[in-house]
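So the structure is just underneath, and the comments pick up after that.
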There are 2 protein chains.
Amino acid sequence: MDDHADHTRKPRADAVRNRERVLEAAKAVFNAGGPEASLEAVAKRAGVGIGTLYRHFPTREDLFEAVYRREVEQLSELAEHLRGAKDPVEALRRWLQSAVEFVATKKGMLAALALAYQSSSELAAFSMDRLTKAIGSLHGRAVAAGQMRADISPEDLLRAFFGMCYMHDQPGWQSSVLRLLDVFVDGLRLQPAGKARARAKPAKPAVKRKR
Amino acid sequence: MDDHADHTRKPRADAVRNRERVLEAAKAVFNAGGPEASLEAVAKRAGVGIGTLYRHFPTREDLFEAVYRREVEQLSELAEHLRGAKDPVEALRRWLQSAVEFVATKKGMLAALALAYQSSSELAAFSMDRLTKAIGSLHGRAVAAGQMRADISPEDLLRAFFGMCYMHDQPGWQSSVLRLLDVFVDGLRLQPAGKARARAKPAKPAVKRKR
DNA sequence: TTGTTAAGCGGAGGGTGCCTCCGTATCTTC
DNA sequence: GAAGATACGGAGGCACCCTCCGCTTAACAA
């Protein structure tokens with residue numbers, strides 16, 4: 001907040017609206033058509049002129065970055081919501097599952113993201129920070145509730161998560177990761193006394209059909 | 001239905017020549033201008049028509065892949081040459097240094113490469129194989145000469161190498177990696193008897209500021 | 001309200017690069 | 001040397017990029 005304390009006009013409502021629209025459209029278009037998708041298509045889908053798009057996001061990379069940031073933020077907010085859930089372990093599991101989806105939609109954009117990260121390490125710092133906090137908060141709650149071991153740091157959790165997603169290209173990776181996460185979360189869980197928690201529970205028959 | 005086993009014509013000399021020219025030009029142009037560089041520029045630099053370029057490499061990705069393959073091959077051949085060197089430890093060091101250069105030129109193309117790897121795991125397999133063999137052969141010679149410890153696999157070597165290059169973005173990474181490699185190669189070296197090889201050599205102050 | 005004005009909007013248009021297509025040139029084979 | 005097969009070049013049509021500017025509209029002051 002750099003208050004130019006003196007008199008900054010309120011930003012125009014239409015500008016705010018259009019910016020949001022463009023972001024929404026960009027998310028859809030890029031997810032569908034990859035990072036090469038036409039910016040003109042984005043503008044059209046957003047229902048704004050191409051000039052408007054360029055004013056808000058002078059380069060394709062700016063647009064990428066904004067879209068990505070927004071999604072990270074949404075993931076962060078999801079964690080906020082899930083904090084209210086009854087079962088904190090389940091909440092963590094849910095969040096991780098959403099994060100897998102998030103990674104999945106980034107599939108085709110990996111390359112673009114790599115570039116963005118390279119040119120703006122601030123972006124990397126920002127997202128790491130947000131995600132670490134999100135995962136840490138959920139984990140913290142589960143620990144506080146005495147349902148999860150405490151000797152794992154949020155950073156470790158995040159690293160484990162990304163590590164699991166690293167297999168990325170293999171077909172069916174997504175369901176594989178979901179399975180691994182189940183195992184992982186179970187592993188984090190503090191068993192109520194010596195009760196050896198029947199892992200038999202046939203872990204949801206194939207969370208997702210592969211394709 | 002290929003194998004017209006009978007009678008395949010010899011490929012035309014000019015076609016072979018042009019293909020090679022295009023590859024050479026592409027390497028230069030991409031290294032200079034990144035993976036977005038204009039294919040027309042490549043054709044011009046190669047001194048061929050744009051049509052010729054497209055006939056040999058129907059898509060930009062095909063061209064990328066071919067350039068990359070070629071460089072891997074050259075690295076592999078370099079290892080071949082270095083096998084003849086007198087000092088096998090030095091030979092390994094040299095090769096690693098060249099490999100750093102190789103990675104350096106790929107800097108801007110990382111994203112493109114990631115894509116290529118994704119769409120053709122054969123490419124990944126090929127290059128891993130070649131590089132592993134190259135590094136393994138040099139290492140093997142040094143081991144055979146009794147100058148290097150033998151309990152490290154070529155895969156480990158390669159992994160260590162890539163790991164070191166992972167820091168990529170930080171400024172000055174290249175010299176940092178070269179320094180690390182020096183240390184590493186020294187570590188691999190079998191000391192001639194108990195002679196504790198003065199590591200005192202004041203390892204350059206501050207490999208890297210933390211941030 | 002109404003008037004003023006900065007902020008924002010749209011999209012035409014000039015430029016660049018992509019890729020196809022085909023008449024021409026060159027090479028291999030017999 | 002002749003006959004094909006093969007490869008060549010680059011014109012041309014198209015898609016997309018991005019800038020520029022006259023018009024519109026929202027915010028603020030009176």
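In what follows, every chain begins at residue 1, and chains take the letters A, B, ... in the order their sequences are listed. Computed from a predicted structure; not experimentally measured.
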Carboxylate-amine/guanidinium contact E73(B) R70(B), below 4.0 Å: no
Per-nucleotide protein contact string for nucleotides 2-13 of chain C, where B marks a base within reach and S marks sugar-phosphate only (heavy atoms under 4.0 Å, - for neither): -----BSBBBB-
Starting from [atom2] on [N], measure out to [atom1] on [X] and report it in whole angstrom.
X      : N       : atom1 : atom2 : answer
L39(B) : dT16(C) : CG    : P     : 16 Å
L63(B) : dG17(C) : CG    : P     : 16 Å
Y54(B) : dG12(D) : OH    : C1'   : 14 Å
R60(B) : dA15(D) : CZ    : P     : 18 Å
E61(B) : dC18(C) : CD    : P     : 11 Å
E36(A) : dC19(C) : CD    : P     : 11 Å

Phosphate OP1/OP2 of dC17(D) contacted by S38(A) side-chain N/O (<4.0 Å): yes
Nearest heavy atoms of L78(A) and S98(A), plus distance in Å: CD2-OG, 3.3 Å
Test item: R60(A) side-chain N/O and P35(A) main-chain N/O as donor-acceptor pair under 3.5 Å: yes
For A15(B), all residues meeting side chain to side chain contact (heavy atoms under 4.5 Å, CB included), sequence neighbours excluded: R12(B), H56(B)
Validation: residues 38-48 of chain A side-chain donor-acceptor distances under 3.5 Å, sequence neighbours left out:
{"unit_1": "S38(A)", "atom_1": "OG", "unit_2": "E40(A)", "atom_2": "N", "d": "3.0"}
{"unit_1": "S38(A)", "atom_1": "OG", "unit_2": "A41(A)", "atom_2": "N", "d": "3.0"}

Side-chain donor-acceptor contact under 3.5 Å, D129(B) with T132(B): no
